[in-house]
Every structure is written in C-alpha cells, then in structure tokens.
Enquirer: 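Sharing a structure here in structure tokens format.
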Amino acid sequence: MQSQSPTSSAAIEVWHAPAASDVPGPTESYCERLLLDEEKVRADRFRVASARHQHVVGRGMARALLSRGRCESREIDFRLLDHGKPIVQSPEAACRAFNVAHTKGLVLCGLGGREQWLGVDVEWIDRRTDPDLARRYFAPAEIQQLDATRNADEHRELFLKLWTLKEAFIKAIGTGLYTPLDQFAFEDAASEQPRLTLADPNLARGKVWRFESFVPRDGFVAAVAVGETETYTTNDSMLQLTAFEEWIAGQSESDRS
C-alpha cells in the first residue's frame with residue numbers, strides 16, 4: 001500500500017473512545033448531550049446497554065468532531081446512502097468524509113477530506129472466530145494466508161485483520177455486505193499496509209485505494225480504507241490517532257477558563 005504522512009492533507013484522523021458495557025461513564029454522558037431528540041429516541045431502542053452506549057458514543061463523536069471550528073454540533077444534518085452509510089448533508093462547512101465503527105468496549109470515528117471515500121472497522125482481539133467463516137466467504141488468496149498460520153492465536157489475529165480490512169473497504173464504497181467478500185482480497189494481510197486485489201475492477205469505483213491495519217488501543221485490531229484520486233509514494237502511516245476522552249478533557253478545561 002502507498003500511504004501518506006499524518007501531517008499531509010491526505011492524512012486520516014482516527015479518534016478512539018471507550019464504550020461502557022453497563023453503567024454509562026463520562027464519555028457516554030458527554031456524547032449523549034450532543035444528540036438530537038430523535039437520536040436519543042433511536043438510542044433508547046437498543047435493549048442491550050453496551051450496544052446503546054456504542055451507538056451514543058459513535059454518533060456523539062461524529063457530531064463533535066465534524067462540527068469543531070465549523071458549526072454547532074446540532075446543525076449537522078446526516079442522510080443515508082442507498083445501503084445505509086451515513087454522510088453529512090449540511091451545513092456545507094461540515095461536509096467531509098467520516099465513518100464510525102464499534103466493538104466491545106471501543107468506538108472509532110475516522111475523518112478524512114471532502115473528496116475522499118473512507119471506511120473504518122475495529123474488532124476486540126479476543127472475539128471468538130469461526131474458521132469455517134473464512135472458507136465460506138473469503139477469497140482463495142486469503143484462505144491460503146490463513147492456512148499458513150502456525151497456531152490458533154496467529155490464525156485468529158490474521159482472521160481479524162482480514163475481517164476489519166474487508167469491512168473497512170465495503171464501508172468505504174458504501175455497499176456493506178451487499179458486496180460478496182470473495183470478490184476482493186488482501187495480499188500480505190499480516191503487514192500493516194496490505195495490498196488490495198479485485199476480482200471485479202468496478203469495485204474500485206475509479207479510486208486509488210490505500211489501506212492500513214493498526215492497533216488503536218491494547219486488545220483491539222482495526223483497519224482503515226481510503227479511496228481518492230491521487231497516488232502517493234511514501235510508505236509512512238497515513239493515520240493520526242487521538243483518544244477522544246483527552247479531547248473531552250480539553251473541552252472541559254476551556255469551559256472552566
């Protein structure tokens with residue numbers, strides 16, 4: 001993969017935040033205050049507390065980060081694409097690529113440029129995995145990589161890397177699981193910068209794609225997919241990782257000063 005330094009205009013911000021399993025914490029409280037009434041109603045439909053917290057943190061993070069320095073968080077209007085991917089509809093100042101992902105205990109929010117296509121995904125590293133799942137849905141080149149692993153732990157780690165890469169890509173192109181997972185594959189998936197191959201070239205959507213696997217926090221594996229019109233020649237990381245709770249603390253300091 002070809003990637004760009006985080007100091008460049010092509011850098012991707014990835015914010016990460018904890019999500020409670022039961023009793024909501026300060027991150028949930030902060031994010032819920034940013035939600036519109038209809039978003040709170042939607043959140044209350046989740047019967048499992050952890051799922052509700054993940055939803056609240058994800059939507060609250062998106063509002064907070066998309067609006068900073070541009071508009072009020074409540075001014076942001078989202079709309080859904082055909083397969084359910086949310087994008088910013090207005091105001092103009094807040095229109096940029098974003099994507100949210102969550103798993104047990106953690107939520108990510110990725111932010112890119114206006115013209116970029118962006119997808120992120122994250123998994124808890126101790127999540128149970130089914131080896132047969134890969135054989136049913138992954139591309140042959142990926143199955144070969146999994147078969148070459150030396151033990152169960154290595155197999156699980158590679159499976160989760162592949163899964164997050166594939167999820168990030170189909171989220172970036174906005175199709176979700178409507179795109180069969182065996183129509184594209186990642187070579188050298190164990191590396192931080194895997195390479196994409198496509199059985200159907202149309203899946204590229206006319207974009208040049210960059211991918212990166214990373215560890216947002218201990219115990220998690222994540223991936224980002226970025227589609228754009230330019231090709232980059234540096235192998236530096238394209239990511240700028242930031243803990244969202246640190247940003248909340250900074251906002252609290254500003255409010256007290």
Side-chain angles (χ1 to χ4, degrees), residues 6-20 23-46 49-102 106-122 171-172 174 216-217 222 224 226-228 238-257:
T7 60
S8 77
S9 60
I12 302 300
E13 299 175 40
V14 178
W15 296 74
H16 44 95
V23 179
T27 304
E28 286 82 7
S29 298
Y30 180 88
C31 289
E32 186 150 7
R33 290 197 297 270
L34 301 180
L35 302 189
L36 304 184
D37 289 344
E38 56 265 32
E39 291 173 323
K40 294 178 182 178
V41 170
R42 195 176 311 130
D44 287 339
R45 293 176 184 155
F46 287 90
S50 59
R52 184 187 192 279
H53 299 330
Q54 291 167 21
H55 176 80
V56 166
V57 171
R59 182 50 65 99
M61 285 175 74
R63 285 196 172 278
L65 298 171
L66 288 164
S67 64
R68 65 198 159 125
R70 296 176 174 85
C71 62
E72 296 295 323
S73 63
R74 288 178 171 270
E75 293 182 78
I76 293 179
D77 183 27
F78 297 104
R79 74 177 176 90
L80 300 180
L81 299 180
D82 289 346
H83 297 300
K85 180 179 180 177
I87 64 170
V88 179
Q89 180 164 269
S90 64
E92 185 77 12
C95 289
R96 60 185 298 198
F98 85 98
N99 199 229
V100 172
H102 50 75
L106 193 68
V107 181
L108 299 187
C109 182
L111 298 172
R114 185 185 180 105
E115 301 303 322
Q116 290 174 319
W117 290 23
L118 176 65
V120 296
D121 194 53
V122 62
K171 290 176 72 178
R217 299 193 186 197
V224 62
V226 184
E228 50 212 333
M238 63 175 159
L239 304 182
Q240 181 178 352
L241 297 174
T242 310
F244 185 65
E245 62 268 35
E246 293 178 6
W247 186 80
I248 293 176
Q251 295 297 108
S252 300
E253 287 292 331
S254 297
D255 292 341
R256 287 195 292 269
S257 62

Enquirer: Is a side-chain donor or acceptor of Asn99 paired with a backbone partner of Gly110 at a separation under 3.5 angstrom?
Expert: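 Flag not set: sc Asn99 to bb Gly110 has no pair under 3.5 Å.
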Enquirer: Kindly give the heavy-atom pair with the smallest separation between Val23 and Ala20, and that separation in Å.
Expert: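 Taking Val23 first and Ala20 second, the nearest heavy atoms are O-CB, 3.2 Å.
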Enquirer: For the SG atom of Cys95 and the CD1 atom of Ile87, what is their distance to the nearest 0.5 Å?
Expert: 8.0 Å
Enquirer: Minimum heavy-atom separation for Glu28 and Pro18, please, with both atom names.
Expert: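 So the minimum-distance heavy-atom pair works out to OE2-O, 3.9 Å.
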Enquirer: Can you confirm whether Arg70 sits close enough to Pro91 that some side-chain heavy atom of one is under 4.5 Å from a side-chain heavy atom of the other?
Expert: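 Side chain of Arg70 against side chain of Pro91, heavy atoms only: no contact under 4.5 Å found.
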Enquirer: Assess whether a salt bridge exists between Glu32 and Arg52, defined as any Lys/Arg side-chain N lying under 4.0 Å from an Asp/Glu carboxylate O.
Expert: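 Salt bridge: yes.
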Enquirer: Pair Val88, Arg96 - check side chain to side chain contact (heavy atoms under 4.5 Å, CB included), show working.
Expert: CA-CA 7 Å; Val88 179; Arg96 60 185 298 198; 5.9 Å; no
Enquirer: To the nearest 0.5 Å, tell me how far His102 NE2 sits from Asp121 CG.
Expert: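 That separation rounds to 9.5 Å.
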Enquirer: To check you understand the geometry: which heavy-atom pair defines the closest contact between Ala222 and Leu108, and what is its length?
Expert: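 Looking at all heavy atoms of both residues, the shortest contact is CB-CD1, 3.7 Å.
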Enquirer: Describe, in one word, how the ring planes of Trp15 and Phe244 are oriented to each other, choosing from parallel (under 30°), tilted (30 to 60°) and perpendicular (over 60°).
Expert: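 Because their plane-to-plane angle is over 60°, the rings of Trp15 and Phe244 count as perpendicular.
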Enquirer: Rounded to the nearest 0.5 Å, how far does SG of Cys109 lie from CG of Leu65?
Expert: 5.0 Å
Enquirer: Please evaluate residues Arg59 and Phe78 with respect to the criterion side chain to side chain contact (heavy atoms under 4.5 Å, CB included), reporting the C-alpha separation (whole Å), side-chain torsions for both, the decisive distance (0.1 Å), and the verdict.
Expert: CA-CA 10 Å; Arg59 182 50 65 99; Phe78 297 104; 3.4 Å; yes
Enquirer: Would you compute the distance between atom CD of Glu75 and atom CZ of Arg63 and round it to the nearest 0.5 angstrom?
Expert: 10.5 Å
Enquirer: Any idea which heavy atoms bring Ala62 and Val100 closest together, and the distance?
Expert: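 Minimum heavy-atom contact is CB-CG2, 4.4 Å.
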Enquirer: Test Leu106 against His16 for side chain to side chain contact (heavy atoms under 4.5 Å, CB included), laying out the working first.
Expert: CA-CA 7 Å; Leu106 193 68; His16 44 95; 4.3 Å; yes
Enquirer: Check whether any side-chain heavy atom of Val122 sits under 4.5 Å from a side-chain heavy atom of Pro216, and report yes or no.
Expert: yes
Enquirer: Give the C-alpha distance, both sets of side-chain angles, the deciding distance and a yes or no for side chain to side chain contact (heavy atoms under 4.5 Å, CB included) between Val224 and Val226.
Expert: CA-CA 7 Å; Val224 62; Val226 184; 4.1 Å; yes
Enquirer: To check you understand the geometry: which heavy-atom pair defines the closest contact between Ala17 and Met61, and what is its length?
Expert: CB-SD, 3.7 Å
Enquirer: How long is the span from the OH atom in Tyr30 to the CH2 atom in Trp247, to the nearest 0.5 Å?
Expert: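 Atom-to-atom, Tyr30:OH and Trp247:CH2 are 3.5 Å apart.
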Enquirer: Quick one: closest heavy-atom pair of Leu111 and Arg68, and the distance?
Expert: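 Of all heavy-atom pairs spanning Leu111 and Arg68, the closest is CD1-NH2, 3.6 Å.
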Enquirer: Would the distance check show the side chain of Arg74 and the main-chain N or O of Leu35 forming a donor-acceptor pair, the cut-off being under 3.5 Å?
Expert: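 It does hold such a pair.
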Enquirer: Quick one: CD1 on Ile12 to CG on Leu241, what's the gap to the nearest 0.5 Å?
Expert: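 Answer for the CD1-CG pair, Ile12 versus Leu241, is 11.5 Å.
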